[in-house]
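In what follows, a single structure is set out as structure tokens and then discussed.
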Amino acid sequence: MSPVEQIKAKLSIVDVLGSYLTLEKAGANFKARCPFHNEKTPSFFISPARNSYYCFGCGAKGDIFSFVQQFEGLDFVGALRVLAKRAGVELERENPKVRTEREKLYLMMEHATIFFQTQLSTKDDAKQYILKRGLTAESAKSWRLGYAPLEWKALSMYFKAKGFSPADLEKVGLVKKSDKGSGDYYDRFRGRIMFPLFDSSGRVIAFSGRQFESDGTEAKYLNSPETVLFEKSKVLYGYDRAKLEMRRMGYALLVEGQMDLLMSHQVGLTNAVASSGTALTLDQLELIKRLAPRVVIAYDADDAGAHAATRGWQLALQVGLDVRIATLPKGKDPADLAVENPEALKETITKARHLINVELDRIVLQYPDARERGLAIQNELLSHVAVLESAIEQGHFIGSIAHAAGIKEEVLWEEVRKRAKNSLLQQDSAPGTRPQRPGSRRDALMRPLWGLYFWLENKDKEALKQLDIYQKMCNIVGNEEVTKSHEIVSQSKDELIFEAEVSFQNSTTIATTVAELFRSLEEEWLRERFGQAMKELADAEKRKDADKVLALLNECQNLSEKIRAITHQTPHL
Ligand SMILES: [Zn+2]
């Protein structure tokens, strides 16, 4: 058996996907909210019998390999590594024939890691330093810490002996070209303790080097530049080991630096990930959000204060994460506390409070003067409230702020509404929603309906008549749109029939699924029209066309009521 076959024989699709998603039983199948598009009701189905999954909302489909690839953003080999580890299947350690350029780059990172590890094993003062910081020799080995000697070409010579060129090394950011125009290269990392950064399958993709002996630069930490393997904004340090724990515990522990991360894991906080000193990005937050609804942030108290107002933490609130702050004693970072008193660290994490409450307390304490306090709330706090998804949550916090600061709730609401218009997510693209051309979500919803239509057309005319798919589509989006759509889907008729057959063969829930698809389609269509009406409204306001403005306001209100009615009548699944 090939490794792929062995893995498939050992792992059930339900166990693998169930370690990433919350599954519900649905007859012989399971369903979940799709991780690949934004949805409130589950349309992502898993069939244990067919060993496959299929999403009616966005058309995602495949097996455990394609799922892990897409979910973790890995290539096939990466997914293979993740699943082989789960299944306990041994992969051949090193493939002597590197097939692709990408594999060559991974191989170079592996060689470099081994080189740095070997260097560390003979560098006693660096080893002592690591132990003094509290890290055990086992942890250092497990996280593959290393040492880059204070020489210009130590690493380059090592690679030269293995037949790699400086140009190869430059591709993975391990050397730099000399400024002098000589075309010469020198090692990027010199005199540094090396922390390898891993992708979610555990392959080394970059390094962070902490200064140990002066290399003539000021930087305490030096990171690899962006390379083919390393997109800084998409990597969380420790994610490869923390991901399943994050999901199991329902939250991620977010720390700032490498040592914080290593020490957290060492004392058993194995759901910790680190942002490595950079501002949090949407991609990183999405990595967390897909696995856990909550993030507990444990930064040094001073750093936490400085970060609280930044975009990153606000983005975390805005993507819908429950953001809690673990308040550490002043001047201590999680690494210090993990060394001195691991139980105290764990306790501050258990007692973590919501970001907005923590910030409110800080402002009240910092500004005894009522006017200054009001200004601070306006400038530093209300933008956090404005980005919350749920109006109920907003109301809760506005209540607390009004009470603590002695400001009227109405005034706070008005400020919050003003801010909601300048939402950060309108500048970025929302997480979970891949960039889509207009109407493509509607297309995605109509696809399975067309599939069913074409499939039943040949197979079961009576069932087709009962489901009345064509007419119902016309009722929702109109004859003209249905005709247009029919023209487009007719080109991939065979594929659609196949999809329908895979999804609906022997299914006892066709009627419910179809009803749900129609409901989503109607909602989507109303949202499209709502968006269009809002655009026209803005234009009419610019032209100062009062009659048109009034008519459009009415239409918008109408549509939004209909949307609300539909979203509320959704049966709770
Ligand atoms: Zn989907």
Side-chain angles (χ1 to χ4, degrees), residues 13-14 16-27 29-48 50-74 79 247 282-283 285-293 319-320 389 425 429-452 473 485 488-489 492 495-496 498-504 507 509-510 512-528 566-567 570-573:
I13 188 163
V14 175
V16 173
L17 271 59
S19 70
Y20 295 95
L21 311 170
T22 305
L23 307 185
E24 298 169 55
K25 198 102 174 75
N29 300 321
F30 290 83
K31 65 183 172 184
R33 277 163 60 177
C34 177
F36 306 127
H37 82 277
N38 241 340
E39 64 176 4
K40 292 240 156 44
T41 49
S43 52
F44 183 90
F45 282 77
I46 297 152
S47 159
R50 287 194 301 272
N51 255 316
S52 65
Y53 61 88
Y54 185 82
C55 174
F56 290 102
C58 68
K61 60 178 178 206
D63 59 11
I64 50 176
F65 289 92
S66 60
F67 182 87
V68 171
Q69 276 184 64
Q70 205 181 343
F71 192 98
E72 301 210 14
L74 290 165
R247 156 112 172 95
L282 262 182
D283 286 318
L285 290 165
E286 197 181 353
L287 285 175
I288 295 174
K289 172 88 194 294
R290 285 194 305 192
L291 291 172
V319 299
E389 264 183 355
L425 282 189
S429 70
T433 51
R434 304 276 172 272
Q436 286 178 335
R437 61 193 167 75
S440 72
R441 169 148 164 79
R442 186 185 358 133
D443 293 343
L445 289 166
M446 286 171 84
R447 253 180 93 86
L449 289 169
W450 281 121
L452 201 55
M473 279 201 274
S485 169
I488 295 167
V489 291
S492 42
E495 201 186 323
L496 286 168
F498 175 73
E499 277 177 25
E501 196 174 83
V502 170
S503 331
F504 295 110
S507 168
T509 56
I510 294 186
T512 351
T513 310
V514 168
E516 173 63 18
L517 281 169
F518 275 122
R519 196 203 62 78
S520 302
L521 180 62
E522 190 171 4
E523 184 186 337
E524 181 59 25
W525 177 243
L526 288 168
R527 285 188 193 284
E528 274 180 41
I566 275 199
T567 36
T570 310
H572 219 83
L573 291 167

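What you see is a predicted model; the values in this text were computed from it and never measured. All ligand and atom numbering here is 1-based and tracks the order in the structure.
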Of the non-hydrogen atoms in R33 and L21, which two are nearest, and what is the gap between them? O-CD2, 4.3 Å
Closest approach of S47 and N29, non-hydrogen atoms and distance? CA-OD1, 3.5 Å
Do we see a donor-acceptor contact under 3.5 Å between the side chains of Y53 and S66? yes
Just by distance, with hydrogens left out, do E516 and T41 show a side-chain donor and acceptor under 3.5 Å apart? yes
N/O donor-acceptor pair under 3.5 Å between R247 side chain and S19 backbone: yes
Anything protein N/O/S under 2.8 Å from the Zn ion (ligand 1)? Just list residue and atom, please. C34 SG, H37 ND1, C55 SG, C58 SG
Could you tell me which residues satisfy ring-ring contact (aromatic ring centres under 6.0 Å, His included) with F65, sequence neighbours excluded, listed by chain and number? F76
